[in-house]
Amino acid sequence: MPFIPQSSLVSLQRDLTDVYGFQYWWPADSPQEVMEGAILAQNTSWKNVEKAIARLKGKKASDILSCQDLGEKIRSAGFYRQKERFLKGVLNYYVSKIENLSLPIDTRWELLELDGVGRETADSIALYAFHQHTIPVDSYTIRLLNRYFGTSYSGRDYEEIRGKLIGIFNQEQLMELHGLIDEHCKMFCKKVPKCESCPIRKKCRMNI
DNA sequence: CACCAGGCCCTAT
DNA sequence: ATAGGGCATGGT
């Protein structure tokens, strides 16, 4: 596995910022809504998630928990039977541990205990809802790193990649970086990449 | 029509 | 430890 120097990652972050500007990227009005979105967005296009989010908009967590047709409300986000269960677990955690009390110290570990919350979901919530020093390593991140730097990371290298990134960037930069990467991958570094028009192709190892 | 999207869980090697 | 299948909708 080729070693990615810290300076290269910093440089990539700069280049992406030059192209896309600042991204207040997670579109949510509250920590609760970040949590809802993090569950609903699992392996699902954000477009489909938005409709589900809209139906939960403004509701208190306790009201969503007692809602009788929650599955129907989030149906558009897909996997809705699982996600109804997962969402209830997360909101229940929110109500019991966060809403009434002060912010817990290590949300990431507590979230990982919940059914339906894996590393990426936990890190998304910890970063965007509670501004902790972490970053989700999603498939976009792995894809971009592999193409741009010629590495061959896979999901099993999650902790290594996360560790590298949080060792380099501060919390605000991590929020920014994840948004930039996902924005870029949605537009250019797709599964079938659009290298012809890619704004950062010059330094990319693919360089098609 | 096939394939994909801001994963996770469970199971069989 | 790791790969593979299931989960489900809506857009291209």
Side-chain angles (χ1 to χ4, degrees), chain A residues 1 13 16 20 22-56 69-93 107-132 134-148 152-162 165-166 174-194 197:
Chain A
M1 188 79 72
Q13 155 91 322
L16 287 172
Y20 298 102
F22 275 101
Q23 306 274 326
Y24 285 101
W25 175 74
W26 196 289
D29 295 336
S30 64
Q32 179 190 322
E33 208 179 295
V34 174
M35 298 172 87
E36 296 166 6
I39 293 294
L40 296 174
Q42 289 170 358
N43 200 41
T44 302
S45 66
W46 187 257
K47 198 77 174 172
N48 288 356
V49 175
E50 281 178 320
K51 298 174 196 148
I53 298 264
R55 294 199 183 95
L56 304 178
D69 60 340
L70 182 56
E72 206 43 51
K73 284 187 165 54
I74 65 171
R75 190 191 175 100
S76 71
F79 306 119
Y80 62 92
R81 278 180 268 258
Q82 299 190 58
K83 283 179 179 176
E84 175 176 10
R85 193 158 43 89
F86 297 165
L87 186 54
K88 282 180 175 170
V90 166
L91 288 176
N92 191 51
Y93 169 79
T107 317
R108 177 171 139 94
W109 290 113
E110 294 185 15
L111 288 167
L112 280 171
E113 300 295 319
L114 302 175
D115 192 19
V117 178
R119 293 175 298 193
E120 189 184 329
T121 303
D123 282 319
S124 295
I125 293 173
L127 178 61
Y128 288 105
F130 303 115
H131 302 279
Q132 296 182 2
T134 186
I135 187 170
V137 179
D138 60 358
S139 53
Y140 287 155
T141 304
I142 292 173
R143 188 161 78 205
L144 179 61
L145 292 180
N146 285 343
R147 287 177 176 167
Y148 196 82
S152 53
Y153 289 121
S154 71
R156 86 176 75 85
D157 303 305
Y158 190 101
E159 297 298 341
E160 181 185 340
I161 298 170
R162 172 177 174 271
L165 294 178
I166 69 179
L174 292 171
M175 288 207 292
E176 185 65 20
L177 178 63
H178 182 65
L180 289 167
I181 290 173
D182 280 29
E183 203 57 36
H184 178 65
C185 286
K186 275 189 198 172
M187 295 182 65
F188 297 101
C189 210
K190 299 165 175 281
K191 193 154 240 177
V192 178
K194 299 191 171 310
S197 49

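A, B, ... follow the sequence lines: proteins, then strands. Residue 1 opens every chain.
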Donor-acceptor pair under 3.5 Å, Gln42(A) side chain vs dC8(B) base
no
Rounded interatomic separation in angstrom, taking [atom1] from [X] and [atom2] from [N]:
X: Ile39(A); N: dC9(B); atom1: CD1; atom2: P; result: 9 Å
X: Trp46(A); N: dA5(B); atom1: CH2; atom2: P; result: 16 Å
X: Asp123(A); N: dC8(B); atom1: CG; atom2: P; result: 9 Å
X: Phe79(A); N: dC8(B); atom1: CZ; atom2: C1'; result: 9 Å
X: Lys191(A); N: dA5(B); atom1: NZ; atom2: C1'; result: 9 Å
X: Tyr80(A); N: dC7(C); atom1: OH; atom2: C1'; result: 11 Å
X: Asp157(A); N: dA3(C); atom1: CG; atom2: P; result: 10 Å
X: Lys194(A); N: dT12(C); atom1: NZ; atom2: P; result: 13 Å

Output yes when a side-chain donor or acceptor of Asn146(A) lies under 3.5 Å from a complementary backbone atom of Tyr153(A), and no otherwise.
yes
For Ala122(A), does its backbone N or O pair with a side-chain atom of Ser124(A) as donor and acceptor, under 3.5 Å?
no
Could you tell me how far dC10(B) sits from dA8(C) if I compare only their P atoms? Round to whole Å.
14 Å
Remember a base hit wins even if backbone is also touched, and classify [X] as base, sugar-phosphate or nothing at under 4.0 Å, heavy atoms.
X: Ser124(A); result: nothing
X: Glu120(A); result: sugar-phosphate
X: Lys190(A); result: nothing
X: Val117(A); result: sugar-phosphate

When you measure from the side-chain N and O atoms of [X] to the phosphate of [N], is any distance below 4.0 Å, counting only OP1 and OP2?
X: Arg81(A); N: dA8(C); value: yes
X: Arg75(A); N: dG10(C); value: no
X: Lys83(A); N: dC9(B); value: no
X: Thr44(A); N: dG7(B); value: no

Distance, nearest 0.5 Å, that separates CG of Asn43(A) from NZ of Lys83(A)
7.5 Å
Atom pair OH (Tyr148(A)) and CG (Leu16(A)), whose distance is rounded to the nearest 0.5 Å:
7.5 Å
Residue Asn43(A), side-chain heavy atoms: nucleotide from dA5(B), dT9(C), dG6(C) that is nearest:
dA5(B)
Closest listed nucleotide, where the reference is the side chain of Arg143(A) and the choices are dA8(C), dC8(B), dA5(B)
dA5(B)
Contacts of Asp115(A) and Ser45(A) projected onto DNA chain B by closest heavy atom; the upstream (5') one is Ser45(A)
Anything under 30° is parallel, anything over 60° is perpendicular, the rest tilted; go ahead and classify Phe188(A) against Tyr20(A).
tilted
Side chain to side chain contact (heavy atoms under 4.5 Å, CB included) with Leu174(A): which of Leu165(A), Asp123(A), Thr134(A)?
Leu165(A)
Pairwise 5' ranking along DNA chain C for Lys51(A) and Arg156(A), keeping only the more 5' one:
Arg156(A)
